[in-house]
There are 2 protein chains.
Amino acid sequence: MTIKKEQILETALHLFAKEGYSATSTSKIAKAAGVSEGLIFRHFGNKKNLLKELMIQTQETINHLFLPIFEETDPKEVLIKTITLPLRIDKEYYDYWRLQYKLRWEPEYTNNNKFVPILNKFEETFTALNYKEPKQEAILLNQIVNSIAIDILLDRFNEDYIPFLKKKYKL
Amino acid sequence: MTIKKEQILETALHLFAKEGYSATSTSKIAKAAGVSEGLIFRHFGNKKNLLKELMIQTQETINHLFLPIFEETDPKEVLIKTITLPLRIDKEYYDYWRLQYKLRWEPEYTNNNKFVPILNKFEETFTALNYKEPKQEAILLNQIVNSIAIDILLDRFNEDYIPFLKKKYKL
DNA sequence: TCAAAAAAAGTGATTACTCACATTATTTAT
DNA sequence: ATAAATAATGTGAGTAATCACTTTTTTTGA
């Protein structure tokens, strides 16, 4: 991976996340990245493929952020780490999240259950904690984490919410 | 309001909700609505203003859907109506919701606390039910409803979730 | 010296939007 | 009442700018 290719990916990520895929032209990316427009097509073939490579990176990044939760064995610790996950994410990763949430609504974007592994982890956790309906609890927790992430990205999150959730889950 | 103007609004709503604002050209709208492209600009001035008028309609529609919750006085009934709201929405309104959720992520879209009234209603409700932290409970309930709506729109909702929530809130 | 990397200079298609003009609906004057 | 005047609605051909993408030329590093 050359420096310029990385610059294209980095710039495209930022512009796609900020303005959206359709609203971001390849010439705009090239200018912002400080490269010629042709280089984008040399490296990625077409615009859609640039997005595709970006989404692979995005998925890897997000998987990496979830890793500490997967590796945690103590169920209570799983819940704590899950609830506070959005807060612990460094701002440099925000564009990845933003792109992910934005692209959910695109018709081409097939969401084919990328969240199944984390839902299974949550279900195991709630089973270990003797919750009556661990499957539904897992869905609820997943919804909460997503909502917190969205609130943070849209700059309308209130930190008081976290201790409230900790009490709810007796943590 | 003339028939053709209504057709433009209706078609634009559907295309914006489905493909997104930037990805939908005015010529595409005109063709699908069966009018000349010039008429869009006669009625709305420019593309952005078409979206603006559409968003006013959208807000009115959504407010109307929330009305039964606002008018309900029995706190338990408020919760029941809230939890089941996304389920009770007719499919013909889906485009309004989709547009709303999609546009949250656009930089021009200023979200200036349109949800404050419903959050206040929820807070009153939880206060009446003697919940310890009604403000935070209101935020949680709002998150849940939004999550359900998103899941329905993205066609990944499981109906078993509703009875689970009813038990949670002792309904 | 020469292949890969990058830039520069193109391509036709599509974009949002304008404009001159036609048609239809509404108001006004007699 | 009705013809004339005015306003509202609608069309289709045009605009320059921008779009994704291609081809050609130049630069770079081993």
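Chain letters run A, B, ... following the sequence lines, proteins first and then strands; every chain starts at 1.
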Participant: What nucleic acid atoms does S22(A) come within less than 4.0 Å of, heavy atoms only: base, sugar-phosphate, or nothing?
Facilitator: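 If one applies the 4.0 Å heavy-atom cut-off, S22(A) turns out to touch nothing in the nucleic acid.
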
Participant: Measure the distance from CZ on F41(B) to P on dC21(C) and round it to the nearest whole Å.
Facilitator: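 In whole Å, dC21(C) P and F41(B) CZ are 21 Å from each other.
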
Participant: Of the listed nucleotides (dC17(C), dA6(C), dG10(D)), which one gets closest to any side-chain atom of H43(B)?
Facilitator: dG10(D)

Participant: Taking NZ from K31(A) and P from dA17(D), how many angstroms apart are they, rounded to a whole number?
Facilitator: 13 Å

Participant: Report yes if a side-chain nitrogen or oxygen of S27(A) is closer than 4.0 Å to either non-bridging phosphate oxygen (OP1 or OP2) of dA20(D); otherwise report no.
Facilitator: no

Participant: Rounded to whole Å, please give me the gap between NZ in K28(A) and P in dC21(D).
Facilitator: 16 Å

Participant: Rounded to whole angstroms, how far apart are CE on M1(B) and P on dG10(D)?
Facilitator: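 Those two atoms, CE and P, are 12 Å apart.
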
Participant: Quick one: which of dG10(D), dA20(D), dT15(C) gets closest to the side chain of S25(B)?
Facilitator: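 Taking heavy atoms from C-beta onward, the closest nucleotide is dT15(C).
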
Participant: Assuming nearest nucleotide by heavy-atom distance, tell me which of G38(A) and A23(A) is located more 5' along DNA chain D.
Facilitator: A23(A)

Participant: Can you check the K48(A) NZ to dA20(D) C1' distance for me, whole Å?
Facilitator: 12 Å

Participant: Please confirm whether K5(B) makes a cation-pi placement over F44(B), using NZ or CZ under 6.0 Å from the six-membered ring centre and within 45° of the ring normal.
Facilitator: yes

Participant: Hey, are E133(A) and K167(B) close enough for a salt bridge, meaning a charged N less than 4.0 Å from a carboxylate O?
Facilitator: yes

Participant: What nucleotide among dA16(C), dT22(D), dT11(D) has an atom nearest to a side-chain atom of V35(B)?
Facilitator: dT11(D)

Participant: What contact category does K5(B) fall into here, base, sugar-phosphate, or nothing, at under 4.0 angstrom with non-hydrogen atoms?
Facilitator: nothing

Participant: Looking at dA16(C), dA6(C), dG10(D), which one has an atom nearest to any side-chain atom of K4(B)?
Facilitator: dG10(D)

Participant: Side chain of T26(A) only, heavy atoms from C-beta on: which candidate in dC21(D), dT18(C), dA20(D) is closest?
Facilitator: dA20(D)

Participant: Please tell me which of the listed nucleotides, dA6(C), dC17(C), dA20(D), lies nearest to the side chain of E37(B)?
Facilitator: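 Per side-chain heavy atoms of E37(B), the pick is dC17(C).
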
Participant: Can we say E137(A) and K168(B) salt-bridge, meaning some charged N sits less than 4.0 Å from an Asp/Glu carboxylate O?
Facilitator: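 Between K168(B) and E137(A) there is a salt bridge, with a charged N closer than 4.0 Å to a carboxylate O.
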
Participant: Would you mind reading off the distance between I40(A) atom CD1 and dA7(C) atom P, rounded to a whole angstrom?
Facilitator: 11 Å

Participant: Test salt bridge (charged side-chain N to carboxylate O under 4.0 Å, His left out) on E71(A) and K121(A); report intermediate values, then the result.
Facilitator: CA-CA 10 Å; E71(A) 284 172 343; K121(A) 179 71 183 180; over 6 Å; no

Participant: Give a yes/no verdict on a cation-pi contact between K47(A) and Y21(A), requiring under 6.0 Å between NZ or CZ and the six-membered ring centre and an angle within 45° of the axis.
Facilitator: yes

Participant: As an exercise, state the distance from CD of E77(A) to OG1 of T82(A), rounded to the nearest 0.5 Å.
Facilitator: 10.0 Å

Participant: What's the closest nucleotide to the S36(B) side chain, out of dA6(C), dC21(D), dG12(D)?
Facilitator: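 Of dA6(C), dC21(D), dG12(D), dG12(D) is nearest to the side chain of S36(B).
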
Participant: Taking atom C1' of dT22(D) as reference, at what distance in whole Å does atom CG of N49(A) sit?
Facilitator: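 Atom CG in N49(A) sits about 17 Å away from atom C1' in dT22(D).
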
Participant: Find the distance I3(A):CD1 to dG29(D):P and express it as a whole number of Å.
Facilitator: 11 Å

Participant: L39(B) has a side chain; which of dC19(D), dA16(C), dT9(D) sits nearest to it?
Facilitator: dT9(D)

Participant: Which nucleotide in the list dT9(D), dA6(C), dC21(D) gets nearest to the side chain of R42(A)?
Facilitator: dA6(C)

